[in-house]
Amino acid sequence: ELKVEQNPLFLSMQEGKNYTIYCNYSTTSDRLYWYRQDPGKSLESLFVLLSNGAVKQEGRLMASLDTKARLSTLHITAAVHDLSATYFCAFSTYNTDKLIFGTGTRLQVFP
Amino acid sequence: DAGVIQSPRHEVTEMGQEVTLRCKPISGHNSLFWYRQTMMRGLELLIYFNNNVPIDDSGMPEDRFSAKMPNASFSTLKIQPSEPRDSAVYFCASSLGLEGSDTQYFGPGTRLTVL
């Protein structure tokens, strides 16, 4: 079964703190995506990770990919309120454009 | 670039009525996807097209749902007859559909309420 597990599902963190969201996927893939969704809005692409060991950073967010462990992480550094949103990871299988999405991690950053 | 365009943005209808959702993908994109998002079931892929041809419709809930893509710049998702359990946000997304990086770009969504 093609499946993505994210944890935690909910994350409430204080501004200035660091935390990591984990994404495990069920089958071999070398393409992993992270999206952000603000409440009532659409999904916005954050990162595309295309190979084992890939690391990408944008501002306070850093994503990495370990294809052997079938694990991707999204690390948040010194969180700020503007990062409050739901974060989804997704992977694609070979020879298809289809993405399998995780359930999402709802992040709330408070002062 | 205008991004993926969806219409209407909001639709309220009564049970039994026909509903048609519309999508214009990003120009030059070869793949188009229809998703449904609810609190209970999360984000579900309903169907996707590549070069206007349906590739995978295994997520379409039942025969009441149908999707078409008559040309590269337009797709519809139709529900007939609609039921209250169809209430959800429906997203359309498009991608280049190339090997290596097929990031999907999502439209703003259509919020459907079936009374």
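This is a predicted model, so every value here is computed, not measured. By convention in this document, chain letters (A, B, ...) are assigned in the order of the sequence lines, proteins followed by strands, and residues within each chain are numbered from 1.
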Sort S45(A) into side chain, backbone, both or neither according to what part of it lies under 4.5 angstrom from a heavy atom of chain B. side chain
Out of Y35(B), F33(B), Y48(B), return the one with the most heavy atom pairs under 4.5 angstrom to chain A. Y48(B)
With a 4.5 angstrom heavy-atom cut-off, which part of Q37(B) approaches chain A: side chain, backbone, both or neither? side chain
Member of V89(B), L77(B), I79(B) meeting the side-chain contact (heavy atoms from CB on, under 4.5 Å) criterion with L112(B): I79(B)
Output yes when a side-chain donor or acceptor of S84(A) lies under 3.5 Å from a complementary backbone atom of V109(A), and no otherwise. yes
Would S92(A) and R31(A) count as a side chain to side chain donor-acceptor pair (under 3.5 Å) here? Give the steps. CA-CA 6 Å; S92(A) 60; R31(A) 290 177 285 172; 3.2 Å; yes
Less than 4.0 Å between a side-chain N and a carboxylate O, is that true for K3(A) and E5(A)? yes
